[in-house]
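Here's the structure, in structure tokens; my notes come after.
Indexing begins at 1, ligand by ligand and atom by atom, following the structure's order.
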Amino acid sequence: MPYKTVYINPTVPGRPRTSVFVIYTGGTFGMVYDPKASQLIPFDFERVLDRLPELHRLDFEITLITLPEIIDSSNMKPAIWVELAQIIQKNYEQYDSFVILHGTDTMSYTASALSFMLDGLNKPVILTGAQLPIGVARSDARENFITALEIAAAVDAAAVDAAAVDDSTVSSTNPRSEKPIVPEVCVYFNSLLLRGNRSTKQESVQFNAFASENYPHLATAGVSIDYNRPYIRPYQPNQTLSLHTVLDPNVTILKLFPGITQPVVESIVNIRNLRGLVLETFGAGNAPTDSWFLDTLKDAIDRGVVVFNVSQCEGGRVTQGQYQTSKQLLQIGVVSGADITTEAAITKLMVLLGQEHDPAIVRRLLAQPISGEMS
Ligand code: ASP
């Protein structure tokens, strides 16, 4: 599928320091207000670029492609995650880093999914977007995008010094020898860089849209960008990228609430072909102890449905067995999600179920961190 492509070359003199590949998927970032329909609708990126003349002042070259259909991210789906992963793989050798412009509503799901799909990633993949469209004077789009590009392009200072000795190591078309500072999938938003699979959209009105309650911020952007290096996944010189592109759609999320009835739980766990269930429990992973509830879950687990226990609390962790109300979950074979987010849990299930058929293997893999999503 040919993509609409724009090349942005720096006007600053000298050879570009690095190359960034940008994928525009849509979202508020590039939307415009349609007065006829009284609503925000996605907009062509060529026209968005008119609002960003400062991109030419960066000392790196940018290649920007637009997906065939620009979407509000509420329409995001696994097929588009596969497309994004394949685009990254196709351009992996040629570009030093990647930025994805994405709607905020499902950005944490996409970041989580990509963190599991891009196995062996060793380059930055930074997702960002905006709460206000770029055409609005007070928009946060410009700062988010430009800082995301800066973070994607950031390399280890020591490595740059070494590379400067041999200028041939810096090329606009060949991969660099410097080490990227953030070789993982991240969300950058409102001055904070977060590990993608630890992020959650927490706010739909204020600019601070994303939080990472259970993992420290990877960087804070002020006058300078301060990286929290001990928490950033280290660069692995010998890693090579490979993709997991089969995602099993036969998964769902069940959020518990006081008063949930047997027919509701039964109708969810008995969905035809269901293979994975994220159970959003109370507090430290607690659930009702009614026998109908535990029996229904146990029957599903015995049939091969993998049940993953994730807390409804944004911070803290599931500790199955701490309370009587979670001990039986442990006994019937529910897997603890520890401090994982719901976004990471559901996408991890899709990816693992896409790779493995044996529920026992899926349960074992679920319980271990794959890409820094739980601790
Ligand atoms: N509905 C928009 C989206 O997720 C919201 C945003 O981008 O902030 O695409």
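- A salt bridge links Lys298 with Asp302: the closest approach of a Lys/Arg side-chain nitrogen to an acidic carboxylate oxygen falls below 4.0 angstrom.
- Taking distance alone, with nitrogen or oxygen atoms compared against 3.5 Å, Thr28 approaches ligand 1 more closely than that limit.
- The N/O atoms of Thr106, backbone and side chain alike, include none that comes under 3.5 Å of an N/O atom in ligand 1.
- Annotation: atom 8 (O) of ligand 1 to nearest protein heavy atom, Thr104 OG1, 2.5 Å.
- Residue Phe308 is grouped with residue Ile370 when hydrophobic side chains (ILVMFWY) are merged at heavy-atom distances under 4.5 angstrom, including chains of intermediate members.
- With 3.5 Å as the limit, one finds a donor-acceptor pair spanning the side chains of Ser199 and Ser108.
- Residue contacts with ligand 1 include Ala130, since one of its heavy atoms falls under 4.0 Å from the ligand.
- Residue Ser73 has at least one nitrogen or oxygen atom sitting less than 3.5 Å from a nitrogen or oxygen atom of ligand 1, judged on distance alone.
- Remark: ligand 1 atoms within the under-4.0 Å shell around heavy atoms of Gly27 are 7 (O), 9 (O).
- Taking the ring centre of Tyr95 as origin, the terminal cationic atom of Lys123 falls outside the region bounded by 6.0 Å and 45° from the ring axis.
- Hydrophobic clustering (ILVMFWY, side-chain heavy atoms < 4.5 Å, transitive): Leu84 and Ile346 are in one cluster.
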